[in-house]
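Read the structure below first, then the notes.
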Amino acid sequence: MAIVESVRKVPLQDPSEEEFCASDLTWTKLGNAEHHDEVALIPYDRVDAFIIGECSNVECPTRFHIERTKKRVIGSLKEYKDDEYLEYRKYWCSFGPENYGEGGGILPSRRHRLNTRNRAARPQSMRGCTCHFVVKRLYARPSLALIIYKERRHVNMSGFVCHGPLDRDAIGPGAKKIPYICNEIQQQTMSMIYLGIPEENILEKHIEGIERYCGSNSKVNSLASQYVHKLGMIIKRSTHELDLDDQASISMWIERNRKSVFFHQDTSESDAFILGIQTEWQLQQMVRFGHRSIVAADSTFGIKRLKYPLFTLVVFDSRQHALPVAWVITRSFAKPDMSKWLKALIDQARSIEPDWKASGFLIDDAASEIDLFREIFGCPVLFSLWRVRRSWLRNIVKKCSNIEVQREIFKRLGTIVYSIWDGSNISLALEQFMMDFVDQTAFMEYFRASWVPKLEMWLSTMRNYPLASQEASGALESYHVKLKAKLFDDSHLGALQRVDWLVHKLTTELHSSYWLDRYADESDSFQNVKEEYIASTSWHRALQIPNSAVTVDDKNHLFAKVVSQKDSSLTHLVWNPGSEFAFCDCLWSMQGNICKHVIKVNMICENLQGCQPSMSFRSFEEALMDLWRKPVDDSFALDLSLAWTQQMLDQVQKLVELNNTDIGTVVNNMPMKWVSKKGRTYTGKRSSTLALPPNNSNSKSLVVHKKNRKRKRLSRLT
């Protein structure tokens with residue numbers, strides 16, 4: 001939009017509608033490069049029609065009052081400019097400019113009387129709205145009016161919508177009559193709306209939740225219907241673009257959601273942009289499931305497609321599903337920057353649970369700052385193979401057309417990875433692999449460019465750190481796949497380079513999805529949601545396959561067959577059974593994922609002779625053997641090694657006992673017995689047993705002494 005310097009260049013507009021608003025006009029920038037306003041020129045007798053149209057704004061219905069007025073008499077100016085006024089009126093939204101809302105700063109009273117005929121009904125309704133415009137009746141052309149819009153949006157000084165249907169904090173005059181809605185019911189309703197569940201079903205569940213507190217009532221049902229409809233309208237009309245500028249928009253979001261931001265560092269010449277997000281519910285889950293358990297990372301998500309990559313910290317819930325508890329949006333993975341937000345995250349968890357501590361931290365990227373994770377979390381670091389496995393399998397299927405070649409390439413790559421413990425020459429094995437498949441040009445170009453330069457680093461990490469199980473790797477991959485489906489939908493491709501869009505998707509749709517999953521599982525409600533949640537990982541889907549559906553090749557264990565549970569006439573073929581690099585011909589596996597058939601076959605192969613153990617078990621075995629090999633003589637090192645080994649074995653034994661034995665049996669076998677120091681008492685009933693033995697001679701005097709102390713306190717008060 002070009003800037004004009006004279007009112008003469010502003011076109012005259014006269015909309016045909018009886019009432020019109022700002023969106024019906026074409027606005028022109030009047031002024032200079034340093035200072036300019038958006039203006040429109042209309043006939044003076046159409047000003048009332050414009051004001052009525054602005055008051056009828058669907059998103060922010062309001063009324064405008066005259067904040068300031070000035071007048072001149074024709075002939076009072078000998079010299080004047082084109083934009084000099086004959087009459088000047090400043091119109092302000094009646095929800096401002098004062099702010100009587102929560103946290104608002106009340107402005108001092110005006111010194112002069114205002115025309116209050118069209119003011120808001122009560123001062124308590126004023127929310128500091130900054131929407132206002134100026135109407136100038138031009139001195140040079142009294143039949144025309146120049147409208148100067150200073151602020152079109154109905155927002156407060158912080159830039160947030162402060163009234164109308166889009167205001168999440170709006171309170172109407174009937175607020176006292178609205179039934180109690182706890183955070184759980186509100187979050188449940190919001191989650192269902194975000195997930196696209198029909199409004200009728202949402203209202204039914206919403207009323208069920210309210211009736212737990214106030215019973216069934218037709219008035220309650222009517223108000224609940226209004227609440228659900230309004231909340232749905234707010235969510236549907238909400239947008240991630242709080243401002244056209246992405247940086248300004250995300251700053252406004254941060255200002256409004258301080259409780260959900262555990263770390264923020266703005267972009268500067270020396271600092272990179274970092275935004276750490278953790279809602280109150282996520283913090284609770286981190287404390288609940290991360291304490292004395294495994295915390296994992298899905299690192300560098302969207303590094304090629306998003307403006308800033310996404311780093312996710314997850315814990316494993318009661319069903320060992322990956323549950324996101326913090327999101328970090330940044331392009332910097334330098335040690336000083338990561339140290340800042342990791343410490344802030346730990347401090348936030350320990351503000352709830354001072355003794356919070358992770359038992360292990362699981363990484364999926366060999367280039368990660370492993371020492372930093374070990375230092376800050378104070379626990380061992382484990383490594384998951386899911387990312388490298390997924391990358392290799394996806395590109396093999398994509399770049400090699402022959403399925404037999406696909407199987408063989410994937411098996412050979414698995415052989416190279418498995419050889420990290422047997423002392424084989426990795427370089428020779430890699431060279432031979434590339435010679436054998438030199439005709440697979442597309443895949444080899446990818447492998448040379450993406451993996452050959454860093455393969456030694458990845459294999460070294462696998463060799464030196466404990467490897468995660470297939471269950472944990474499958475849970476991490478399941479989260480990654482769900483995140484990808486939510487964010488990389490075709491309808492969102494135009495918004496991938498905006499941070500405010502990413503934050504909006506994470507904190508609304510994705511957060512609501514995981515909240516509803518956990519709620520459905522723990523409350524045993526929403527059976528469809530619960531069933532989908534339980535079956536969301538390949539590990540849990542594999543548990544539903546009976547052993548009788550799996551047949552393993554008896555001779556060399558080259559392949560296994562798995563009968564489909566949906567269609568008994570369909571059989572899936574799994575090559576290289578027993579290995580993390582097994583290849584299945586099902587559709588889910590051909591997309592690069594760890595499928596249920598591979599996991600089930602590997603479960604069967606654990607008990608078969610001649611099948612190699614899983615890499616996670618082999619890694620655990622190597623750790624124990626390494627402790628055993630270290631002391632070379634009868635020295636103190638031998639004692640220390642034996643102590644470490646015995647400590648590990650005791651912990652493993654206790655863990656197995658807890659998983660396979662009733663908890664009551666475990667408690668009864670403990671050497672220490674819990675005793676009660678005093679008898680229990682119940683409200684409204686006298687305790688049947690005393691805390692002290694009945695034959696204690698001092699018990700009576702002790703009770704009398706307490707009564708005397710009480711009487712003394714009462715006498716002091718009187």
Side-chain angles (χ1 to χ4, degrees), residues 1-57 60 62-97 107 110-119 128-157 159 243-245 248:
M1 184 187 302
I3 300 175
V4 300
E5 297 180 354
S6 174
V7 177
R8 295 286 181 181
K9 297 182 179 180
V10 178
L12 176 64
Q13 303 176 69
D14 189 6
S16 58
E17 294 84 2
E18 183 178 353
E19 298 170 1
F20 61 98
C21 61
S23 60
D24 298 322
L25 298 174
T26 301
W27 296 85
T28 306
K29 290 184 178 180
L30 175 65
N32 51 49
E34 289 78 24
H35 177 75
H36 53 266
D37 295 311
E38 289 189 358
V39 302
L41 194 63
I42 65 172
Y44 179 73
D45 57 4
R46 299 297 310 276
V47 170
D48 288 342
F50 171 78
I51 295 174
I52 294 172
E54 282 296 280
C55 292
S56 304
N57 189 328
C60 294
T62 184
R63 301 162 91 179
F64 283 89
H65 66 268
I66 300 174
E67 183 74 10
R68 188 180 181 187
T69 181
K70 295 185 289 186
K71 289 185 179 181
R72 287 192 177 110
V73 180
I74 296 178
S76 60
L77 297 178
K78 294 182 180 180
E79 297 180 2
Y80 51 86
K81 299 178 181 179
D82 291 335
D83 61 343
E84 289 289 352
Y85 66 85
L86 180 62
E87 292 179 9
Y88 175 100
R89 287 185 177 182
K90 179 187 287 187
Y91 290 87
W92 207 291
C93 173
S94 291
F95 287 90
L107 300 180
R110 300 182 182 86
R111 298 178 183 176
H112 55 279
R113 182 182 180 277
L114 294 174
N115 178 9
T116 58
R117 287 179 300 171
N118 58 347
R119 292 294 306 276
C129 184
T130 59
C131 179
H132 66 286
F133 59 89
V134 171
V135 176
K136 281 186 181 181
R137 186 177 185 182
L138 296 179
Y139 189 93
R141 295 183 284 176
S143 62
L144 302 181
L146 184 70
I147 302 176
I148 308 172
Y149 232 126
K150 299 293 185 179
E151 176 58 71
R152 276 205 231 176
R153 301 173 302 163
H154 291 266
V155 296
N156 55 24
M157 294 296 292
D243 192 277
L244 293 178
D245 179 66

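Every heavy atom of this structure was used, including side-chain atoms; hydrogens, water molecules and symmetry mates were not.
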Is [X] reaching over with its side chain to a backbone N or O of [Y], donor-acceptor style, under 3.5 angstrom?
X: W92; Y: R68; answer: no
X: R137; Y: P142; answer: yes
X: T69; Y: R89; answer: no
X: S94; Y: R63; answer: yes
X: D37; Y: V39; answer: no

Practice task
On the 0 to 90° scale, with breaks at 30° and 60°, tag the F50-F20 ring pair as parallel, tilted or perpendicular.
Solution key: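 Judged by the thresholds at 30° and 60°, the geometry between F50 and F20 is tilted.
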
Could you measure the distance from the [atom1] atom of [X] to the [atom2] atom of [Y]? Nearest 0.5 Å is fine.
X: L30; Y: I148; atom1: CG; atom2: CD1; result: 7.0 Å
X: H65; Y: E67; atom1: NE2; atom2: CD; result: 4.0 Å
X: R152; Y: C21; atom1: CZ; atom2: SG; result: 9.5 Å
X: L144; Y: L138; atom1: CG; atom2: CG; result: 6.0 Å
X: S76; Y: L86; atom1: OG; atom2: CG; result: 8.0 Å
X: C93; Y: H132; atom1: SG; atom2: NE2; result: 11.5 Å

Is the number of heavy atoms from other residues, nucleotides or ligands under 6.0 Å of [X] [atom1] greater than 12?
X: E18; atom1: CD; result: no
X: E151; atom1: CD; result: yes
X: K71; atom1: NZ; result: no

Practice prompt. Evaluate side-chain contact (heavy atoms from CB on, under 4.5 Å) for K90 paired with K150, printing each intermediate quantity in order.
Written response: CA-CA 10 Å; K90 179 187 287 187; K150 299 293 185 179; over 6 Å; no

Taking all atoms of both residues into account, what is the closest heavy-atom pair of [X] and [Y], and its distance?
X: Y139; Y: I74; result: OH-C, 3.7 Å
X: H154; Y: T62; result: CE1-CG2, 3.6 Å
X: I3; Y: A33; result: CD1-CA, 4.2 Å
X: Y149; Y: A22; result: CE1-CB, 3.9 Å
X: D83; Y: K136; result: O-NZ, 3.5 Å
X: Q13; Y: A40; result: NE2-CB, 4.0 Å

>> Just to verify, what does D245 make a salt bridge (charged side-chain N to carboxylate O under 4.0 Å, His left out) with, not counting sequence neighbours?
In response: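 Residues passing salt bridge (charged side-chain N to carboxylate O under 4.0 Å, His left out) with D245: none at all.
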
With sequence neighbours left out, write down each residue that passes side-chain contact (heavy atoms from CB on, under 4.5 Å) with P43, or none if nothing qualifies.
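For P43, the residues satisfying side-chain contact (heavy atoms from CB on, under 4.5 Å) (neighbours in sequence not counted) are L12, D14, D45, R46.
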
Q. Going through the distances and angles, do Y91 and I66 end up as a side-chain contact (heavy atoms from CB on, under 4.5 Å)?
A. CA-CA 5 Å; Y91 290 87; I66 300 174; 3.7 Å; yes

- With side chains defined as the heavy atoms from C-beta onward, is the minimum distance between R8 and R141 less than 4.5 Å?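 The answer is yes, as the side chains (C-beta and beyond) meet within the 4.5 Å cut-off.
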
Ring pair (Phe, Tyr, Trp, His ring centres under 6.0 Å) partners of Y44, counting only residues at least two apart =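 Partners of Y44 by the ring pair (Phe, Tyr, Trp, His ring centres under 6.0 Å) criterion come out as none, since no residue qualifies.
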
V135, V47, L146 screened by side chain to side chain contact (heavy atoms under 4.5 Å, CB included) with I42, the one that passes:
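Among V135, V47, L146, the one that satisfies the side chain to side chain contact (heavy atoms under 4.5 Å, CB included) with I42 is V47.
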
